[in-house]
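No hydrogens, no waters, no symmetry mates; every other heavy atom, side chains included, goes into these values.
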Amino acid sequence: MATAAQDNDEMITSINVTPLVDITLVLLIILMITASYVASKAIPLDLPKGATAETTPVTLSVSIDKDGKTYLEAAPIDDAGLRAKVRAARASDPETRAVIAADGRAAHSHVVHVMDLLRREEVTKFAINVDPEDVGSPLPNPLPASRGEGIGK
């Protein structure tokens, strides 16, 4: 025997951590497999930054890449297929929501087209997906600084 029999009034001076290590390794493996599955469904996009970004419950995930191709739940789809899937989701849940993730280099017209398509299918609750910025960082100035040209000069 590795340890001698102990009475109840003696202190425990050693703890076997092997089961703890085994359980931790199993949980790590499960986490790695789950993370790779979630990451494989994502389409690489260069999302614009937004300081007031928040999370919303996702029912439909529509993505638009830089070339204007549309994806639903990471699977390529055309307009007719998207309308059919949105209609089916709306039939099962009248409160269907959508999150639109558009690449920052995608044409604005593609995003408006998808928004219009969702509205035609009566999905009026949708959000634009952005990467949240650091809250403490100052907002960038979108306009160049004036160099003397302006009103009254």
Side-chain angles (χ1 to χ4, degrees), residues 14-153:
S14 65
I15 297 176
N16 187 3
V17 295
T18 304
L20 177 66
V21 172
D22 290 344
I23 291 172
T24 305
L25 289 175
V26 169
L27 290 175
L28 179 64
I29 291 169
I30 291 171
L31 178 69
M32 290 170 43
I33 291 171
T34 305
S36 65
Y37 174 73
V38 170
S40 68
K41 290 182 73 177
I43 298 170
L45 300 173
D46 181 22
L47 295 174
K49 304 287 183 193
T52 59
E54 61 184 49
T55 59
T56 51
V58 177
T59 301
L60 296 174
S61 178
V62 182
S63 302
I64 304 168
D65 68 3
K66 67 179 180 177
D67 299 323
K69 295 177 186 166
T70 307
Y71 299 86
L72 179 65
E73 307 297 338
I77 195 164
D78 62 350
D79 286 352
L82 181 61
R83 289 185 77 163
K85 295 277 188 174
V86 169
R87 195 175 299 123
R90 178 100 169 94
S92 66
D93 181 14
E95 294 295 318
T96 299
R97 297 175 182 219
V99 174
I100 303 170
D103 192 291
R105 299 166 289 187
H108 183 70
S109 61
H110 294 297
V111 179
V112 172
H113 175 73
V114 169
M115 289 169 47
D116 187 43
L117 190 141
L118 290 171
R119 285 186 180 150
R120 283 186 203 155
E121 297 303 324
E122 298 178 10
V123 176
T124 57
K125 295 180 180 179
F126 56 87
I128 304 294
N129 194 6
V130 296
D131 280 335
E133 288 182 342
D134 293 333
V135 176
S137 65
L139 293 175
N141 186 3
L143 301 175
S146 176
R147 297 186 184 193
E149 313 91 21
I151 300 174
K153 298 229 178 191

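- Between atom CG of residue Leu28 and atom CD1 of residue Ile23 there is a gap of 13.5 Å, rounded to the nearest 0.5 Å.
- For the pair Val86/Thr96, no side-chain contact is recorded, criterion being any heavy-atom separation below 4.5 Å from C-beta on.
- Remark: Met32 CE to Leu27 CG distance equals 12.5 Å, nearest 0.5 Å.
- In this structure, the side chains of Met115 and Ile100 come closer than 4.5 Å at one or more pairs of heavy atoms.
- Asp65 is listed as a side-chain neighbour of Tyr71, based on a closest heavy-atom distance under 4.5 Å.
- The two residues Leu20 and Thr24 have their closest heavy-atom pair at O-OG1, 2.8 Å.
- A distance of 13.5 Å separates OG in Ser63 from NZ in Lys69, rounded to the nearest 0.5 Å.
- Between Asp78 and Thr70, the closest side-chain pair of non-hydrogen atoms is not below 4.5 Å.
- A heavy-atom distance below 4.5 Å is found between the side chains of Val114 and Ile64.
- Counting only distance, with no hydrogens or angles, the side chain of Asp103 and the backbone of Arg105 share a donor-acceptor pair below 3.5 Å.
- Legend: side chain to side chain donor-acceptor pair (under 3.5 Å) pairs involving residues 82-92, not counting sequence neighbours, sorted by first then second residue: Arg83-Glu121, Arg87-Glu121, Arg90-Glu122.
- For the side-chain hydrogen bond (donor to acceptor under 3.5 Å, both in side chains) with Asp116, the qualifying choice from His113, Arg119, Arg120 is Arg120, the only one to do so.
- In terms of heavy atoms, Ile77 sits closest to Gly81 at CD1-C, 3.3 Å.
- Heavy atoms from other residues, nucleotides or ligands lying under 6.0 Å from CD1 of Ile15 number 12 at most.
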